[in-house]
Chemist: 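If you scroll down you'll find the structure; I have some questions about it.
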Amino acid sequence: MAVPAWTIADFIHRGPWWRNRGILLLNIYLLLPLLTSMMNGYDSSLVNGLQILPAWKDEFHNPRGKALGLINAAQMIGGLLGLPFTPYCSDLFGRRVTLFIGSVLMLGGVATQATAHSVAQFVGARVLIGAGLTFGANAAPLLITELAYPTQRGQITSIYNSSWYMGSIVAAWACFGAFNGAPNSEWSWRIPTVIQALGPVLQISCIWFIPESPRWLISTGREGKASHILARFHANGYDERDPLVVFEMAQIRHALKMEKEISKTSSFMSLIATPGNRKRMRIIVGIALFSQWSGNGLVSYYINLVLEGVGINSTSTKAAINGGLQIWNLLAAFTGAFLVDRLGRRTLFIISTAGMLIAFSIWTLTTALFNTVHITAAARATIPFIFIFYLFYDIAYTPMLVAYTLEILPFAIRAKGFAVMNLTVSLTLAFNQFVNPWALDAIGWKYYLVYCGWLGFELIFILTFIVETRGRTLEETAVLFDGEEKPADLAAMGGDAATVSMSRGFVPSQPSPIDDVFIPPEKSEALGEFFELRRTRSTSEMDRWEHSSGLSKLGV
C-alpha cells in the first residue's frame, strides 16, 4: 500500500482561531509590527495636510518652489540613505532590533519636526523620519510573515500594506480636527505631528514583549528558542515535540540548508546569482513598478489636476471626493487581503490588472470626450470610474505587493530582496512626482493613453510570469523557483519528521533519509484538541488550507 503524503494541513488548528490561546496571543502581538504601515501612511499624508494649514505656512514663510520640493522629497531622501543598511541590520541583529532602531530614529525625527522653526530644521526632521521608516518597513513585514500562523500568513501579511490607508485617514482627520480647534495657532500643525509619535513610542516600549522570528533564530543557531516560540504560539503551548512544531522546524532547517547549497554568497549579488533568484527578482521588480505606474499615481499625488481636467474646480467637492476615495481604498484593500487564500495570488493579480486596464481605458475615454467635445455627462462619469479603477488596483497591488514579495523570497535573501522592492517603489514614486505633472500640463488627457498601453503590457507580464503560491508554507513557496524536485523534497522532509515524532517506539530499520532533521522523542497518543491528523494522497497545493477549517473530526 502506498505511503500517505502528509502536509502541514494535517497538523494545523481546526475551528475558530480566536479560541486557540496561542494563535490569539500571537495575533495580538503582531498588531505592533502592523503599526509600521499605519505610521508610514500617516507620515505620507501628514505633510500634504500640513501644507494647507495657514499657521504652518506662516511658520515657514510660505515655502514655494525648491524649498517646498525639498520638504516633500526629504522623507524619500532619508529612506534612500537608510535603505542599503536595513537588510544587513535585519539579518545580523534580528527583526526586533531593526524595528526598534527604526522607531528610535523616527521618534527623534518626530521630536525635531514638532519643534521646528525653520525649513532646514523641518527638512532635517523629515530625513530622519524617512530613515527610521525605512528600517521599520524592512523589519516589520519580515517579522510578520516569518512569525504568523501558517494558514494566516497570507492574510496578515496582506493586511500589513493595506493598513497604510488607515494611517492616511487618521492623518487627514488629525489635521482637520487640529485646525478646527485652533485655526490660527501654531498648535494646529504641531498637534498632528505630536500624534505621530504615538506609533514609535508604542513600538519602542513593547517590541521586546513580542517573539523574534523563529527562522532568524534557527539561522543563527538558536534552535531551542525557535522551537519554544513555535510551540507556544503555533501549538497553543504544547511541548516542542508537537507534530506541527516538528514539521515547521524540519522544513525551516532543510530550507536553510538548500539555500546554502544553491547560493554561496549572501551579498546583493546573490539576488541575481541563480536562475531561480533571477526569476524572483524579475517578478518583484515588475510588480513594484506596476504598483506605482498603473495610473494610480495620477490620483494619489495630483488629484487636483485630474479633477480640474474634467471640470471639477470646487475645493469642497475635491476634498469630499478625495476623502471618500481614501475610505474606499481602505475597504477595497482589506477585501483583497481577505481573498488572497480564497482566490489565490495569481487569480487576484489577473483580475486586478485586467480590471484596471478596462476601467482606465473608459476613464481615458470620458476625459477625452469632455476635453475635446465638451460633453458634461462624460465629466460626471469619470468620477465613478476613478473609484472602479482603484477597486481593482487595491484588491491585489495594495495587499500583495509586500506579501507576495516576501513569500517568494528564500530566507537568505529575503531582507535584501525586500529592500530592492522598496528601492524600486521609491524610484518609481520619484518619477511620478516629477514627470506626471509635467506630462499632464504638456499633453493633458493624451498622457492617459501612455498608461493604457502600459497596463496592457502589465497584463501580459502577469499572465506570463506570476506563480501561484496559495496553500504552501513559507519554505515550500520559496523553493518553487529552484526546480520541480525541491518543493516535493521539502514537503517530504517536514512530513517525515512530524510523523516520526508521533510514532511510539519507532525505530527506523535503515538510516533516516532526513539526517539533517532532528527527530524528537516519542509523543503520547493524546495529541490534543488543537490539531488533528488527516491522511491524504492529494497533490493539489491550491486547496490544502481552503477547506481545512471545515473538516470533520473524522478527517473527511
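Positions are given from 1 along the sequence.
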Chemist: Q203 and T36: side-chain donor and acceptor closer than 3.5 Å?
Modeler: yes
Chemist: Ignoring hydrogens and geometry, is there a side-chain-to-backbone donor-acceptor pair from S168 to Y165 under 3.5 Å?
Modeler: no
Chemist: Are F100 and W208 close enough that their ring centres sit under 6.0 Å apart?
Modeler: yes
Chemist: Between W17 and Y149, is the ring centroid distance below 6.0 Å?
Modeler: no
Chemist: State whether the side chain of R126 and the backbone N or O of A73 hold a donor-acceptor pair below 3.5 Å, judged by distance alone.
Modeler: no
Chemist: Is the shortest side-chain N to carboxylate O distance from E407 to R472 below 4.0 Å?
Modeler: no
Chemist: For G82 and F135, which heavy atoms make the closest approach, and how far apart are they?
Modeler: O-CE1, 4.2 Å
Chemist: Treating S37 as the side-chain partner and W164 as the backbone partner, does any N or O pair qualify as donor plus acceptor under 3.5 Å?
Modeler: yes
Chemist: Show the nearest heavy-atom pair for residues V194 and A114, with the distance to one decimal.
Modeler: CG2-CB, 4.2 Å
Chemist: Only one of F461, Y404, F465 forms a ring pair (Phe, Tyr, Trp, His ring centres under 6.0 Å) with F290, so which one is it?
Modeler: F461
Chemist: Taking only Lys NZ, Arg NE, NH1 and NH2, and the carboxylate oxygens of Asp or Glu, determine whether R215 and E475 approach each other closer than 4.0 Å.
Modeler: yes
Chemist: Take W454 and F457 through the ring-ring contact (aromatic ring centres under 6.0 Å, His included) test and state the conclusion after the steps.
Modeler: CA-CA 5 Å; W454 180 256; F457 168 77; 5.1 Å; yes
Chemist: So that I can tick it off, tell me whether K416 and D91 are bridged by a salt bridge, with the cut-off set at under 4.0 angstrom between side-chain N and carboxylate O.
Modeler: yes
Chemist: Do S294 and E458 have a side chain donor and acceptor closer than 3.5 Å?
Modeler: yes
Chemist: So F360 and Y448, would you call those rings parallel, tilted or perpendicular, with 30° and 60° as cut-offs?
Modeler: tilted
Chemist: Over 60° means perpendicular and under 30° means parallel, so classify the ring planes of Y390 and Y393, tilted if in between.
Modeler: perpendicular
Chemist: Can you measure from CG (N40) to OG (S45) and round to the nearest 0.5 angstrom?
Modeler: 9.5 Å
Chemist: Taking R95 for its side chain and S213 for its backbone only, find out whether a donor-acceptor pair lies under 3.5 Å.
Modeler: no
Chemist: Taking all non-hydrogen atoms of both residues, which atom of Q196 and which atom of L46 are closest, and how far apart?
Modeler: OE1-CD2, 3.2 Å
Chemist: Measuring from N296:CG to T398:OG1, what's the distance to the nearest 0.5 Å?
Modeler: 8.0 Å
Chemist: Sequence neighbours excluded, which residues qualify as side-chain contact (heavy atoms from CB on, under 4.5 Å) partners of S352?
Modeler: M356, I395, A396, Y397
